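Contents: one structure, followed by commentary.
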Amino acid sequence: MLDIRLIRENPDSVKARLATRGPGHESAVDAVLAIDGERRAADTSLQGLQAERNRLSKEIGKLRASKQDSSALEAGVKSFGSRMEELNAAVTVLDARQRDLLLNIPNLPSETTPVGRDAADNPVLREWGTKPALERVEDHVAIGERLRLFDFERGGKISGSAFVVYTGAGARLERALINFLLDLHTTKHGYTEILPPLVVKPESLFGTAQLPKFADQQYRCANDELYLIPTAEVPVTNLHREEILPLASLPVKYAAYTPCFRREAGSAGLGTRGLIRMHQFDKVELVKITTPETSDAELESLTADAERVLQLLGLHYRVIELCTGDIGFGSAKTYDIEVWAPGQNAYLEVSSCSNFGDYQARRMNLRFKGEKNRFCHTLNGSGTALARLYVALLESGLQPDGSVALPPALHKYFGAETI
RNA sequence: GGUGAGGUGGCUGAGUGGUCGAAAGCAGCGCUUUGCUAAAGCGCCGUAGUCCAAAAGGCUACCGAGGGUUCGAAUCCCUCCCUCACCGCCA
């Protein structure tokens, strides 16, 4: 959520920065400003009446204490009760409307985010490794079916399309990856492991900005008004919602493995084969809560922590920076890490590392105590998504005989060197 | 799910429908004094919104949340949420 004061005081620069995301935000800013003026005018008159009421009520108290007649005053106070009720109702409505408008305005892109229209304008920042020279190239679905690592047909039978069942060695590989990732981030990168609930209250989704704008992407348990998490970012960042953290406790660094649930509404048939886009997938998420002064540097190290995963697995990847037209709703700055998948002949996004600035912190009222209370900055990044990592591993490790060689870092976790 | 108890400022903990935004203690900050690994005295010490060009200052709201009664609610009433205890059910 943007700071209403910032909008009030610098409407033109706010509009200009939002415009780099694409058209349509200018009118939202104007609407907020209009409501804000109306709201404050109503609130000011209400407060004036309240002050008057309080003053008179105290006088009534005094009169009564000295056994004097106070009926005239009482009638006076009572007479502006209806006016107060009216104003109070107006303020409540305007307040809610203003909040609703603000919740639907995206974050300002960072000054350092490259300006661009869409994904085609995202600059490649760096590459690591090279595309492997393979004798045999095969799609991971073919590999997995041959080696009986997963079963899409039965996944569809029990849960529907875009659900998969991992079986035997395939299930073990998934488990090996989870353990490898959590061990790496907790023992080498200083993150505290979190195992959060997989369903959350709507407030949590408002906090990290999945709601209200992206309600149709969430799985919702209507009976209890709970939502399946689309990413561990939601429960983990909200861990400290409504809290004031001591300065000395920052930066907070959490790593969490969870399944993630996404309806992918609108992407009919999901447009991809295999494991690349699923309704349920595993992910290890990295979350940081920092001061405003350190968040830029923390984004760099967060990205480096995610890149380390691919380096240890010997997978070729590249890092791109999302331009203003492509960054997510709440993000100020985002790096995507894309791993090379030979069978797809394409790079697959396995991590998206973002600095949200104080945008989420304002929504969830997450502050820290320095000289005075200030909003924290929040960051998160995948470290990494498992399913696409899995794709890259199968396709990159494919041997001429059809088996898959695993990178050494996974041997002890998987319990074998090949599948 | 049932019954009971309870939710007050960073913490502990008082609180009578009316000078209560809230006693007291602890913690914290500042000053003074004595001095030595501290003590004592005094003062300050919640959050948010809003008014004023701004500062100073004023005002408003907040005692789990939302309603209600009243001229006036931390205090009375209703609903909900949460915590704790016991019971029931259960992986």
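By convention in this document, chain letters (A, B, ...) are assigned in the order of the sequence lines, proteins followed by strands, and residues within each chain are numbered from 1. None of the values given here were measured: they were computed from a predicted structure.
Contacts between residues 47-59 of chain A and RNA chain B, counted as heavy-atom distances below 4.0 Å, involve A:Gln47, A:Gln50, A:Ala51, A:Arg53, A:Asn54, A:Ser57. Contacts between residues 359-369 of chain A and RNA chain B, defined by a heavy-atom separation under 4.0 Å, are made by A:Arg367.
In a base pair of the Watson-Crick type (N1 to N3 plus N6-O4 or O6-N4) or a G-U wobble (N1-O2 and O6-N3), with each distance short of 3.5 Å, B:A85 is matched with B:U3. Look at B:U19: it lacks any Watson-Crick or wobble partner with both distances under 3.5 angstrom. Using the Watson-Crick or G-U wobble rule with both distances under 3.5 Å, B:A65 pairs with B:U79. In this structure, B:G10 and B:C26 make a Watson-Crick or G-U wobble pair, each of the two defining distances being under 3.5 angstrom.
The gap from the C1' atom of B:U16 to that of B:C11 amounts to 26 Å, rounded to the nearest Å. Nucleotides B:A73 and B:G67 have their P atoms positioned 14 Å apart, rounded to a whole Å. Taking atom P on both nucleotides, B:A85 is separated from B:A27 by 30 Å, rounded to a whole Å. B:C20 and B:G13 have their P atoms separated by 24 Å, with the value rounded to a whole Å. To the nearest whole angstrom, the two C1' atoms, one in B:A22 and one in B:C62, are 12 Å apart.
Residue A:Arg40 has a polar side-chain atom (N or O) positioned under 4.0 Å from OP1 or OP2 of B:C51.
Residue whose closest nucleotide on RNA chain B sits further toward the 5' end, between A:Leu46 and A:Ala75: A:Leu46.
Between A:Phe163 and A:Tyr219, the two ring planes are tilted [angle within 30° to 60°]. Between A:Tyr191 and A:His189, the angle of the ring planes goes over 60°, which puts this pair in the perpendicular group of the 30/60° scheme.
In the set B:G49, B:C51, B:G18, the nucleotide with an atom closest to the side chain of A:Ile60 is B:G18. The side chain of A:Arg5 has B:U50 as its nearest neighbour among B:C71, B:U47, B:U50.
Taking the charged nitrogens against the carboxylate oxygens, A:Lys253 and A:Glu298 have no contact shorter than 4.0 Å, which rules out a salt bridge. In this structure, A:Glu285 pairs ionically with A:Lys283, as a charged nitrogen and a carboxylate oxygen lie closer than 4.0 Å. Salt-bridge check for A:Arg40 with A:Asp36: passed, with a basic side-chain N closer than 4.0 Å to an acidic carboxylate O.
Across all strands shown, A:Arg374 has no heavy atoms under 4.0 Å from either base or sugar-phosphate atoms. Within the 4.0 angstrom heavy-atom criterion, no nucleotide atom of any strand lies near A:Leu73.
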